[in-house]
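Please read the structure below before turning to the comments.
Whatever order the structure lists ligands and atoms in, that order sets their numbers, starting from 1.
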Amino acid sequence: MYDLILRNCRLYPETKLVDIAIQAGKIAVVQAAITESAGREIDCDGQLVTPPFVESHIHLDSVLAAGKPHFNISGTLFEGIQIWGERKKSLTREDVQQRALAALKLMAGNGVLYVRTHVDVTEPNLIALDALLELRDQVKDWMTLQVVAFPQDGIYSRPENDSLLEEALKRGADAVGGIPHYELTREDGVRSIHRIFDLAEQYDRLIDVHCDEVDDDQSRFVEVIIAEAIKRGGGGRVSASHTTAFGSYNDAYAYKLMGFLKRTNINFIANPLINITLQGRMDTYPKRRGLTRIKELWQNGVNVSLGQDDIHDPWYIFGTGSMIGVAHMAVHAAQMTGLKEIDACFDMVTSHAARSLNISDYGIKVGNPANLAVLGVVDPFNAIRYQVTPRYVISQGKVIAETQPTQTNITV
Ligand code: FE2
């Protein structure tokens, strides 16, 4: 007698139907036609059962804060930073936790059970950091949260920011962040990356740097990250987020970097909803898409994942918590409409994102945590085509969200 059995599950990329038995929060059996019974059984009716979606890049400290103190009129990254600079002066722990928890629940309903959040650690009291570290513990029974210490205003733009970043690691942040293209000089940007790698080594943390999030084709800090990862090793623990300038580099330079990337295994994290919205704002026409080279990086064997970045905040007014919605935008904006490319975009919000986050027990395998989403479609293509919400979301063996399919009655 198991706790839960999912019957007639279609796994991806395999196509044979299996049953999945769950016991004590773990996947106990995966095989065709399990004969035992369970306290609860769900017939998945041949539809896709996937490991959960993984949000590899979001800012939970600013979610659901759009319009306060005012909306972003120019639509630019820099106006967003300026509005957030005003808003963060009035942060409280309760304010951050309430909004972040609401966003995590939105995400859980959409089958997201792993989340990497950046948190601004240039606010002198580290209120948002403490709030999210506490929340990480509060939600751990149904959501795995990673916290990146993110120096939003730069490590060297103010004297205290360097020590605030280090203090964030001492308090328990999972990863070191950075923003080299927003440091005051190119030299400060390079120095900031060396500092990030030093801190990661000293405190044994992951690295995830906001890197080259600008349309400037001379913003070339990703080469510094690649170089450090080659020289120091451990590239799998390093992520370069956004890298939108990579979409503006000339091909000769871009393909030189692609060559260097074969010598390390760093991860790239793109945020297509946000990148296509924030970037290209200063162009006339032709207007750039402002995305990193998602397709070409993937074709070159680089691990690429996708994030939402923002949900209804000073940088982006929309956002639903759906990673399928993010994959849908990637398919369009990166022109990945071939069937294998569409599957790759699905991978970028599931298994590839799990790799970016260094999650070792991810996937539908015996012994892994029973984290699953039952989708009401047969394959990733249809999941993205119809932008489905999961029918069931199972976290550590418990059904934590159920969504009834919508039904439209056509009367003609
Ligand atoms: Fe970001």
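- Comment: Arg7 does not engage Asp43 in a salt bridge, judged by the lack of any side-chain N to carboxylate O separation of less than 4.0 angstrom.
- Salt-bridge annotation for Asp198 and Arg232: present, with a side-chain N of the basic residue lying under 4.0 Å from a carboxylate O of the acidic one.
- Taking the N/O/S atoms of His57 in turn, the shortest distance to the Fe ion (ligand 1) belongs to NE2.
- For the pair NE2 of His242 and NE2 of His59, the angle at the Fe ion (ligand 1) is about 170°; rounding is to 10 degrees.
- Distances from the Fe ion (ligand 1) show that Glu213 has no N/O/S atom below 2.8 Å.
- Between Lys88 and Asp120 there is a salt bridge, since at least one side-chain N of the basic residue sits less than 4.0 Å from a carboxylate O of the acidic one.
- Within the 2.8 Å limit, His118 places no N, O or S atom next to the Fe ion (ligand 1).
- Taking the charged nitrogens against the carboxylate oxygens, Arg195 and Glu166 do have a contact shorter than 4.0 Å, which makes a salt bridge.
- Aromatic ring pairs are classed by plane angle as parallel below 30°, tilted from 30° to 60° and perpendicular above 60°; the pair Phe318 and Tyr316 is perpendicular.
- Restricting His210 to its N, O or S atoms, the one at the least distance from the Fe ion (ligand 1) is NE2.
- In Asp309, the N, O or S atom that comes nearest to the Fe ion (ligand 1) is OD1.
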